Structures are given as structure tokens and as C-alpha cells.
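Residue numbers start from 1 in every chain, and the chains themselves are labelled A, B, ... in the order their sequence lines are given, proteins ahead of strands. Small disclaimer: the values here were computed from a predicted structure and weren't measured.
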Number of protein chains: 2
Amino acid sequence: MASPIHQRLREDVLASVFAPDEPLTEAKLTERYGASRTPVREALQRLEQDGLVERRGKAVVVRTHSAEEIIDIYESRIILEQAAAAKAAVKATALDRQLLTGLLTQMQQLDPSDGRSLAETNRAFHAQLWRATHSPSLIGLLERLDQQVRRYTLTTLTYPGRWPVVLADYAELLAAIGDGDSARAGEVAARHMSDALDIRLKMYAEDPRTL
Amino acid sequence: MASPIHQRLREDVLASVFAPDEPLTEAKLTERYGASRTPVREALQRLEQDGLVERRGKAVVVRTHSAEEIIDIYESRIILEQAAAAKAAVKATALDRQLLTGLLTQMQQLDPSDGRSLAETNRAFHAQLWRATHSPSLIGLLERLDQQVRRYTLTTLTYPGRWPVVLADYAELLAAIGDGDSARAGEVAARHMSDALDIRLKMYAEDPRTL
DNA sequence: TGGCATGCCTATGTATACAATCGTGTACAG
DNA sequence: CTGTACACGATTGTATACATAGGCATGCCA
């Protein structure tokens, strides 16, 4: 499964191609993606279950989140990232650690102002950390949460002074994982995610439109 | 949304109406539920995303879980239930606490051999505990995990000596929540879920078919 | 006799016709 | 001027026809 138009529509939604209150009518998407209504409906349905769009009355619109909802999602994610890091410290293979180290090295060489690359590799790092848990259920839950706020996350890493801290956090996290120190890995991950939430809130306070 | 046939199909899957390797062909379901292929496909797709069925080659079959997968799901659930209990201790309203107490009272009066009633009220208790967190994301994640193992859970509560322990756990949990003691509530919930996992594993060792 | 190729048949993927519903705008009455 | 009722249009929900692909059986060849 995973039809191409499902992926394309998801990418477009995550890339904020559609306005938050723009109705995603089947006719429009049908034309946009050159498919008939059936696969379009299928894609919409999947995105609805993923929490990326929602039905408002009859129409389907991209789902937006209030500040409260974003905080809520972040709080859940803090819990899961902590658990994932702790589990990765126990379950990670040599290959997992090597891949993580490689990604960190890659991140250290990026241009800190290139928000797009930052976000991209950052996500890759997280995803690899999740995989290192070798826990399908944890991976699934984290992917789910991540998707729901991905539309908002592009800017977090470019917040003044943030990127070096992120790199330091990851280095410490990898050290803890290398030592098999589950508790410390969890703590670092939890703090890292807490900080991310704080920054998001600060950004929101400075400019509510960043949501 | 949430078409009636989606619900019916889900209930049937959860009730193990279909054999684990029985192909759920659209034609068969079409006839069974008296609808056309379109809504049947929609229902199958949703169940697939919920992790209740899976595509094996071309056919769709009810998803089964290995012992390892069930352990994995339980471990994730332990984490989330702990977090939920801890959060409920902080966020629960008087009404939440009252509802939970009422459910516990109800459970104390059940016939411990009536597995079906036990499972039903137990789920209601958990669901109410989740709601008491007032955290949509936590609730969503827990519901998701719960669904994936619901097909297997009917027997856990009737394991010899288990039910009184469950009731005691819940009483202690409500006490902690009443005190606003987040840490203790979390600990009780975590231990409770750990015990449930142990029992499941014990049952599996005694008779692998119980999976 | 065993393995592989080929063709048919069945089940799914896609498109479209048809039905039902919901929102909207307008007109009329108070 | 405002509120309500009715009708029309647009959009989604459902059914079905058509296209495609995948699996299985059969038969041929080694």
C-alpha cells in the first residue's frame, strides 16, 4: 500500500501548501494529483487518522493545534523520548551507535543558519535513535507524535543559541548510550526535549504566528 | 465519519471472529455486512492503520503478534500508564476521581469468575484514568496500544489470585491520585502493568496458544 | 519425476456514475 | 430589519463497472 498520492498529499500538508482553513475538497485534490476520487479519499482518510487533517463539518482541512495542544504533545513526547533513549542505551547495536555517531558528525559540519538541513538531519538523528531501541511500538508512537507537530518544527533549531546546545546534548546522549547508562541517556533526552518545548513556547510568546 | 461497518468489522476482529490466517477478502466482507466494496475497503484501511489487520502479500488478514511483540507493546504501555497515572494525580478533577471510585466500587462487587465483566469494567477503569489526565495525546497513544492487544487480554484478569491484587492496586492508585502524589501514582501504575506482563508471560509459558 | 513457464482466474486498484446530505443564499413574512 | 423556511448547488458517501496484477494450476520440457 502507501499509494504515491498519499505520500504526496502528506508532504504537501506538512509543507503547509494548504492554508489552515482551506477546504481540501476531493475535486481539487483529484485535479492536483491527477488521480480519481477513490485514491484521493483513501489518502485523506489516512491523513485524518494520522492527525494531519481533520473533518470540520463536511469539509476536510489541515489540522491546526492550539498552544495547549502542542504543549500536550510535547509533554507526551518528552516521556517517550526519555523512554526511547533509556531503551536505546540497553538495546543499541554497534551499528546503531555507529550510525548515530555518523549523523552527529554530519550535523556538526552543517551551516547553522540552513534551517532546512538542520531540521532534516535532526529528524534523521531522532529516527535513528528510535530505531536503536528495536522497539516497534515505541517507534510507531514516536513517529505518530512527531508527524503531528512536524509542520511547526522547522524553526526551533534556528532559535538563537540553540544549535550548539543541541549538538552538545546529542554528544552527551551518545556517550551515555555508549556506556549503556540507561538512566543518564533518559535524563539527557528528557531535558533536551523539555528545552525544545521551552523554546517553542518562547517563540510563541514572541510571535504567536509561528504556530 | 466512523462508518457503522468500520465499527462492526473492528468488533468482529477484536472478538476473533476471523481466523488469524483467514483472508479478509472484500467480497466476503461485502456480503457479510451488506455494503459495497467502497466502505468495506475504507474499513479495512482504517483497521490496517490501527494495527488490527495487516496486508500479507495481496490479502488482508487479522494481525497476530509474537510473544516478543506483545512484550514490546506491554513495555511501551507500562511507560505510558505510568506517565498517565502520574499526570492524573495532578490533573484529575473531582469528577474524575468520583468516576474512578465509582468504577472501583463496581468492580469490587463483580463475580471474579465472570471474565467478560471483569475485562469490560477493567477497560472502563483504565479509560477513565486516561481521561483524567486531560491529555489528548496520551489518551490517543494509550488507546492505540490497548487496541493492539485487546484481542488477547480477556484472560489475564482471571488468572488465579490476580483479581484481588488488581483491586488492591487500583485502590492504592486512587489513594495516590487523591493525595495528588504523582510519583506514587506512577509507581503503582507501573508495577501494576509490569505484573500484568509477567502474568501474560506466565500464561504463555503454560500454554502458548493463549496468545 | 521434478522444475519451470505460461495462461487463466480471482482479488484488488482505479475510475466514474448515481444518491444523499449539508451548507448557503434568497425570498418572504413578521 | 431580522428571522425563518425553502430550494438549489456543491461536495461527500455509495455502488458498480473497468483495469491490472498476482497467484495457482496445468502442462510441457529436461
- Along DNA chain C (nearest heavy atom to each residue), the more 5'-positioned of B:Leu24 and A:Lys58: B:Leu24

- Query: Which whole-number value in Å describes the distance from A:Lys28 NZ to D:dT12 C1'?
  - Reply: 15 Å

- Message: Is the shortest side-chain heavy-atom distance between A:Met193 and A:Leu197 below 4.5 Å?
- Response: no

- In whole angstrom, give the distance that lies between atom CD of A:Glu42 and atom P of D:dG13. 15 Å

- Whole-Å distance separating the CG atom of B:Leu44 from the P atom of C:dA11: 14 Å

- Query: B:Arg55 CZ to D:dG22 P: how many Å, rounded?
  - Reply: 13 Å

Any protein N or O atoms within reach of nucleotides 4-7 of chain D? Criterion: under 3.5 Å, listing atom names and distances.
none

- Check the distance between D:dT14's C1' and B:Glu26's CD and give it to me in whole angstrom. 14 Å

- Pairs meeting criterion ring pair (Phe, Tyr, Trp, His ring centres under 6.0 Å) with involvement of residues 71-105 of chain A, two or more places apart: none

Close N or O pairs between protein and nucleotides 15-18 of chain D (under 3.5 Å):
from	atom 1	to	atom 2	distance (Å)
D:dA15	OP2	B:Ser36	N	2.8
D:dA15	OP2	B:Ser36	OG	2.8
D:dA15	O5'	B:Ser36	OG	3.4
D:dA15	N7	B:Thr38	OG1	2.8
D:dT16	O4	B:Thr38	OG1	3.4

- Message: Quick one about B:Gln128 and B:Arg131 (side-chain donor to acceptor, distance below 3.5 Å, no hydrogens or angles considered), yes or no?
- Response: yes

- Give a yes or no on whether B:Gln108 atom CD has more than 12 heavy-atom contacts from other residues, nucleotides or ligands under 6.0 Å away. yes

- Could you list the residues that satisfy side chain to side chain contact (heavy atoms under 4.5 Å, CB included) with B:Val17, not counting sequence neighbours? B:Asp12, B:Ala15, B:Arg32

- Task: Using modelled atom types only, decide if a donor and an acceptor are shared between the side chain of B:Asp96 and the backbone of B:Thr93 within a distance under 3.5 Å.
- Result: yes

- Taken in chain and number order and not counting sequence neighbours, the residues that satisfy ring pair (Phe, Tyr, Trp, His ring centres under 6.0 Å) with A:Phe125 are A:Tyr170

- Kindly indicate whether the side chain of B:Asp50, heavy atoms from C-beta on, has any atom under 4.5 Å from the side chain of B:Arg10. yes

- Item | Spacing of A:Leu29 atom CG relative to D:dT11 atom P, expressed in whole Å | 12 Å

- Message: Show me the pairs that pass side-chain hydrogen bond (donor to acceptor under 3.5 Å, both in side chains) and involve residues 75-84 of chain B, at least two apart or across chains.
- Response: A:Lys87-B:Glu75, A:Ser137-B:Ser76, B:Arg77-B:Glu81, B:Arg77-B:Asp146, B:Glu81-B:His126, B:Glu81-B:Trp130

- Item | Length of the CZ-C1' vector between A:Arg46 and C:dG13, whole Å | 14 Å

